[in-house]
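Structure first, commentary second.
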Number of protein chains: 2
Amino acid sequence: MTPQVNENRTDVIDLENKIRSANLRPTRQRISLAKLLFSEGNRHITAEKLHGEALGKGVKISLATIYNNLHQFTTAGLLREVVVDASKSYFDTNVEPHHHFFHEDRGLLEDISSHRLTVDDIPNLPEGTEISSIDVIVRLTKRK
Amino acid sequence: MTPQVNENRTDVIDLENKIRSANLRPTRQRISLAKLLFSEGNRHITAEKLHGEALGKGVKISLATIYNNLHQFTTAGLLREVVVDASKSYFDTNVEPHHHFFHEDRGLLEDISSHRLTVDDIPNLPEGTEISSIDVIVRLTKRK
DNA sequence: CAACAGATTAGAACACTTCTAAAGAAGAAA
DNA sequence: TTTCTTCTTTAGAAGTGTTCTAATCTGTTG
């Protein structure tokens, strides 16, 4: 019983619980994805990139499953989808309210914690609506 | 020489000048598009919708031309592209700095004039970058 | 273990966008 | 005007990211 084995075992149990908390069965594929997504710091990743990463680590999983699970995790509040690019979706493992820098040249997202950028004077909402979310994207290019 | 005829003639000349100001030739297709886009108030429209609208008004124009011109107009600063949906692009005829309400259920954009919503405390930018734009999208759903 | 609901999968299908290369139209020069 | 060049348009093919389908497999419950 080395500490390492303990750590790994605990991690997997935590991830399984996280998956169960979303009313989903902890399958081999979901556990592998959760490991990639949640085990080190916040990530911003696209479906195809995550698929590549999984295959690269020897996890056998289809692209359809990646999409299925990214959406299920998002619905369950484990992920948040960030719309910054008209052609692909990014998924963010940080589900706390916050905003983003988007490096347009590199297609890379970076968090801005929401107490470091505030939105004021939000006007009255149109009749019969409520806010679902407020997205602030500060788009960046290389300084000339 | 009725006022109407005058107005129409003047309109078209204005639109031609607008197109020329972007270093583009005022072709029949461009003038028709400019008429649809710029002749009454601000609009937020997708390529396919604009195509449908043009065909509906009897303007013979291909979808490729719609895309070509939306991009050329955008590059020239006559339009602004708004990213709110991961699967299609919206083009906004209002090129002044401003923000948006996005009605998620209807796929509809609405302007928020920028003096009615302000962004404060923008943090220091990452090294070597500069701001290309700041997009604020207030996503709305139907009030329950 | 059996039985069932939920999950995964390969590949087809889909929606939006871009590309291709050939034909057409606009503007400049003579 | 005619000619020449460059820009523009076009239909359809191709491309890209995503979703669908329906057959197979797996986790869970009794």
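Per chain, numbering begins at 1; letters A, B, ... match sequence-line order. The analysis underlying the following values was restricted to heavy atoms, covering all of them including side chains, and did not include hydrogens, waters or symmetry mates.
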Separation of [X] atom [atom1] from [N] atom [atom2], in whole Å?
| X | N | atom1 | atom2 | value |
| --- | --- | --- | --- | --- |
| B/L24 | C/dA25 | CG | P | 19 Å |
| B/N68 | C/dG24 | CG | P | 18 Å |
| A/L50 | D/dT18 | CG | P | 12 Å |
| A/K88 | D/dT19 | NZ | C1' | 18 Å |
| B/L55 | D/dT10 | CG | P | 10 Å |
| A/K49 | D/dT18 | NZ | P | 11 Å |
| A/N23 | D/dT29 | CG | P | 12 Å |
| A/E48 | D/dT16 | CD | C1' | 8 Å |

Subject >> Residue closer to the 5' end of DNA chain C, A/K60 versus B/L63 (nearest nucleotide) >> reply: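 Between the two, 5'-proximity favours A/K60.
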Quick check for you: among [options], whose closest atom lies nearest to any side-chain atom of [X]?
| X | options | value |
| --- | --- | --- |
| B/R30 | C/dA7, D/dT8, C/dT17 | D/dT8 |
| B/A64 | D/dC20, D/dA11, D/dT9 | D/dA11 |
| B/P26 | C/dT17, C/dT8, C/dG27 | C/dG27 |
| A/T65 | D/dT10, C/dT9, C/dT17 | C/dT9 |

**OP:** Rounded to 10°, tell me the angle between the two end axes of the helix from C/dC1-D/dG30 to C/dA30-D/dT1, each built from five pairs.
**Re:**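 The end axes of the helix from C/dC1-D/dG30 to C/dA30-D/dT1 are about 30° apart, to the nearest 10°.
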**OP:** Assess the side chains of B/D135 and B/H100: does a donor N or O sit below 3.5 Å from an acceptor N or O?
**Re:**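 No.
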Distance check: side-chain N/O of [X] vs OP1/OP2 of [N], anything under 4.0 Å?
| X | N | result |
| --- | --- | --- |
| A/R20 | C/dG6 | no |
| B/H71 | C/dT17 | no |
| A/S89 | D/dT18 | yes |
| B/Q29 | D/dT10 | yes |
| A/Y67 | D/dT19 | no |
| B/N69 | D/dT9 | yes |
| A/R25 | D/dC25 | no |
| A/T27 | C/dT8 | yes |

**OP:** Decide salt bridge (Lys or Arg N to Asp or Glu O under 4.0 Å) for B/R143 and A/E127; before the verdict, give the C-alpha distance in whole Å, the side-chain angles of both, and the deciding distance to 0.1 Å.
**Re:** CA-CA 9 Å; B/R143 187 168 52 215; A/E127 203 44 52; 3.7 Å; yes
**OP:** Between B/A86 and B/I61, name the one whose nearest nucleotide on DNA chain D is closer to the 5' end.
**Re:**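 Its nearest nucleotide lies further toward 5', so the answer is B/I61.
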Subject >> Side-chain (A/S32) to main-chain (A/R28) donor-acceptor, under 3.5 angstrom >> reply: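 Side chain of A/S32 to backbone of A/R28: a pair is present.
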Original post:
In terms of heavy-atom contacts, does CD of B/E40 have more than 12 from other residues, nucleotides or ligands at under 6.0 Å?
Top reply: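 At most 12 heavy atoms, drawn from other residues, nucleotides or ligands, come within 6.0 Å of this atom.
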**OP:** Could you check whether the rings of B/F38 and B/F73 sit parallel, tilted or perpendicular, using 30° and 60° as the cut-offs?
**Re:**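 Rings of B/F38 and B/F73: tilted, 30 to 60°.
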**OP:** Would you list the pairs meeting salt bridge (Lys or Arg N to Asp or Glu O under 4.0 Å) in which at least one residue belongs to residues 93-109 of chain A, sequence neighbours left out?
**Re:**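 Of all non-adjacent pairs touching residues 93-109 of chain A, those that pass salt bridge (Lys or Arg N to Asp or Glu O under 4.0 Å) are A/E104-A/R139, A/D105-A/K142.
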